[in-house]
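This is a predicted model, so every value here is computed, not measured.
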Amino acid sequence: MKKDIKSLTYSQLENEMALLKLPKFRAKQIFKWLHETGVTSFDDMTNLSKDLRESLSEKYHIRSCVIENKYVSNLDGTVKYLFRLYDGEYIESVVMKYKYGYTICVSSQVGCKMGCTFCASTLAGFKRNLSSGEIESQLHCAQKDLNVRISHIVMMGIGEPLDNFDNVMTFLENVNNEIGMNISMRNITVSTCGVVPMIYELMNRNLQLTLTISLHAPNDSIRSKTMPVNKKYPVDMLLKACREYEEKTGRRVSFEYTLIKGINDSCENAQELADKLKGSLCHVNLIPVNDVEERGNIRSEKDDIIRFQTILKNNGINATIRRTLGSDINASCGQLRYKKKRGDFDEDSC
């Protein structure tokens, strides 16, 4: 079988070229085409001979994605993509414009196993992991379509990044490489619902990225009902891993907390959360729950959200309320894939 050449690290690509008895500089040329330019065909590598391009195409393939559907918010310019993969599966990405530049939220898996009750990513079921090349192709495809440079990455799309650990690590290495996209680790955020053993694995890598924990509840009673992963890795175990991560890396951990009316948004919940996080080098990002029709969750009232934030701040916890982007295009990931797989895709509703 052909190898996925875009999913090789630079050192692995050098080894491949050595096996083909090609000079070392060929690896750099090919890597730049794949990761800086983002080509999808060996024919586009114009500084390689025709014979070499044909030889490479016989041994390798370049996994990429194509735009199936695209939606642009009339409110803030946020762009949401439904990408089709080589095997007919679908993933989603969202590109957001900020003062500092463009950020993309990428998917790491086709579907998700985690089953969180407020998330649309699990609705169409889990199919497979994305290769590192497929994860990166979301950036290249969006950049070419929008004619912009993406400088920040958020791994909060479809899938659990730490459940696809090896491929995600290769992706991070490749996009960080200075002869590739050259995106600083400090501009990358990796989100997890709390796969504790892999948090320790990430800690040992000591990467200067931002780790974000999808917490969404202050105790096991609430969290286990909304996030099945908590039954395996309870709140206290998760927070212990986060404190050790902070100490080892010196990096602040961010906590995502989706506010659902009547579930986790009371003053008592806020105080319990503050008590759990006290003394940690952390930040809490409060998120009004997304309107996912199939989930039936109700967004907390504005006054309750502000009250929740105030309690955290009064207890010395840095807390902000996330600004909603792309609300008119259902910019939270998972909904487009679900509708497409279900066969009742309505473009006007997106």
Side-chain angles (χ1 to χ4, degrees), residues 73-78 80 94 96-99 103 105 115-123 154 156 189 191-194 210 212-227 229-230 235-236 238-239 242 252-335 349-350:
S73 170
N74 292 319
L75 301 176
D76 50 50
T78 295
K80 183 170 186 177
V94 179
M96 299 153 284
K97 185 178 181 180
Y98 295 97
K99 291 180 180 179
T103 293
C105 178
C116 301
T117 62
F118 46 81
C119 181
S121 293
T122 63
L123 289 173
V154 179
M156 292 184 183
T189 296
S191 176
T192 176
C193 66
T210 297
T212 294
I213 306 296
S214 295
L215 189 60
H216 309 307
N219 58 54
D220 291 332
S221 177
I222 298 173
R223 198 167 192 266
S224 292
K225 291 176 183 176
T226 56
M227 302 182 70
V229 69
N230 193 75
V235 171
D236 288 344
L238 173 58
L239 295 182
C242 291
R252 183 179 73 171
V253 173
S254 181
F255 292 95
E256 303 282 307
Y257 195 101
T258 296
L259 287 155
I260 308 170
K261 186 174 182 178
I263 302 295
N264 64 351
D265 64 345
S266 69
C267 294
E268 291 76 18
N269 296 150
Q271 186 59 55
E272 186 175 6
L273 179 63
D275 292 340
K276 291 276 188 183
L277 299 181
K278 195 164 291 184
S280 295
L281 178 67
C282 69
H283 167 260
V284 177
N285 196 8
L286 300 173
I287 310 166
V289 72
N290 289 312
D291 297 321
V292 179
E293 178 184 344
E294 294 80 7
R295 292 307 194 188
N297 293 312
I298 301 173
R299 183 173 293 195
S300 299
E301 301 292 338
K302 184 177 180 180
D303 288 346
D304 292 332
I305 296 173
I306 294 173
R307 189 177 300 114
F308 200 101
Q309 179 192 30
T310 301
I311 292 172
L312 292 179
K313 285 187 168 183
N314 288 343
N315 282 269
I317 305 297
N318 186 0
T320 55
I321 300 171
R322 177 185 287 178
R323 180 166 61 101
T324 301
L325 295 175
S327 59
D328 58 328
I329 56 170
N330 291 335
S332 59
C333 281
Q335 297 177 77
S349 70
C350 300

(request) For the pair Lys97 and Asp76, find out whether any cationic side-chain nitrogen is under 4.0 Å from an anionic carboxylate oxygen. (result) no
(message) Is it the case that the side chain of Tyr257 and the backbone of Ala270 share a donor-acceptor pair, with hydrogens and angles ignored and the cut-off at 3.5 Å?
(response) no
(message) Using only atom types and a distance under 3.5 Å, with no angle test, would you say the side chain of Asn219 pairs donor to acceptor with the backbone of Ser221?
(response) yes
(request) With rounding to the nearest 0.5 Å, note down the distance linking CG in Asn269 to CD1 in Ile263. (result) 9.5 Å
(request) Let me see the working for Thr212 and Val253 under side-chain contact (heavy atoms from CB on, under 4.5 Å), right down to the final yes or no. (result) CA-CA 6 Å; Thr212 294; Val253 173; over 6 Å; no
(message) Testing the basics here: between Asn285 and Ile321, what is the closest heavy-atom pair and its distance to 0.1 Å?
(response) OD1-C, 4.3 Å
(message) Counting C-beta onward and ignoring hydrogens, is there a side-chain heavy-atom pair between Asn315 and Gln271 closer than 4.5 Å?
(response) yes
(message) Would you compute the distance between atom NZ of Lys276 and atom SG of Cys282 and round it to the nearest 0.5 angstrom?
(response) 13.5 Å
(request) List the atom of Cys242, the atom of Ile213, and the distance in Å for their closest heavy-atom pair. (result) SG-CG1, 3.5 Å
(message) What I'd like to find out is whether the side chain of Arg252 reaches to under 4.5 Å of the side chain of Asn318, using heavy atoms alone.
(response) yes
(request) Identify the two heavy atoms, one from Ala217 and one from Ile222, that lie closest to each other, and give their separation to 0.1 Å. (result) CB-CG2, 3.7 Å
(message) Pair Leu273, Leu215 - check side-chain contact (heavy atoms from CB on, under 4.5 Å), show working.
(response) CA-CA 10 Å; Leu273 179 63; Leu215 189 60; 3.6 Å; yes
(message) Would you compute the distance between atom CZ of Arg307 and atom CD of Glu301 and round it to the nearest 0.5 angstrom?
(response) 10.0 Å
(request) For the pair Arg299 (side chain) and Val289 (backbone), establish whether a donor and an acceptor sit closer than 3.5 Å, ignoring hydrogens and angles. (result) yes
(message) Quick one, Leu277 with Val284, criterion side-chain contact (heavy atoms from CB on, under 4.5 Å). Give me CA distance, side-chain angles, the key distance, then yes/no.
(response) CA-CA 9 Å; Leu277 299 181; Val284 177; 3.5 Å; yes
(message) Given 3.5 Å as the limit, does a donor-acceptor pair link the side chain of Asp304 with the main chain of Ser300, or not?
(response) no
(request) Working to the nearest 0.5 Å, report the span between CE of Met227 and OG of Ser214. (result) 5.5 Å
(message) Would you say the rings of Phe118 and His216 are close, in the sense that their centroids are separated by under 6.0 Å?
(response) yes
(request) Just do the side-chain contact (heavy atoms from CB on, under 4.5 Å) check on Ile260 and Thr258 with the steps written out, would you? (result) CA-CA 6 Å; Ile260 308 170; Thr258 296; 4.2 Å; yes
(request) Please determine which of His283, Gln309, Lys313 meets the side chain to side chain donor-acceptor pair (under 3.5 Å) test together with Thr320. (result) His283
(request) Indicate the atoms forming the closest heavy-atom contact of Ser191 with Met156, along with that distance. (result) CB-CG, 3.4 Å
(message) Keeping Asp275 on the side-chain end and Glu272 on the backbone end, is there a donor-acceptor pair under 3.5 Å?
(response) no
(message) Minimum heavy-atom separation for Asn230 and Ser224, please, with both atom names.
(response) ND2-OG, 2.9 Å
(request) Measure across Phe308 and Leu259 and return the closest heavy-atom pair with its distance rounded to 0.1 Å. (result) CD1-CD2, 3.8 Å
(request) Nearest 0.5 Å please: distance from the CD1 atom of Ile305 over to the OG1 atom of Thr310. (result) 11.5 Å
(message) Surrounding NZ of Lys261 (heavy atoms of other residues, nucleotides or ligands, distance under 6.0 Å), is the total greater than 12?
(response) no
(request) Could you walk me through whether Asp220 and Arg223 pass the salt bridge (Lys or Arg N to Asp or Glu O under 4.0 Å) test, one step at a time? (result) CA-CA 5 Å; Asp220 291 332; Arg223 198 167 192 266; over 6 Å; no
(message) Determine whether a donor-acceptor pair (N or O, by modelled atom type, separation under 3.5 Å) exists between the side chain of Thr192 and the backbone of Gly194.
(response) yes
(message) Do Leu238 and Phe255 have side chains that approach each other closer than 4.5 Å (heavy atoms only, starting at C-beta)?
(response) no
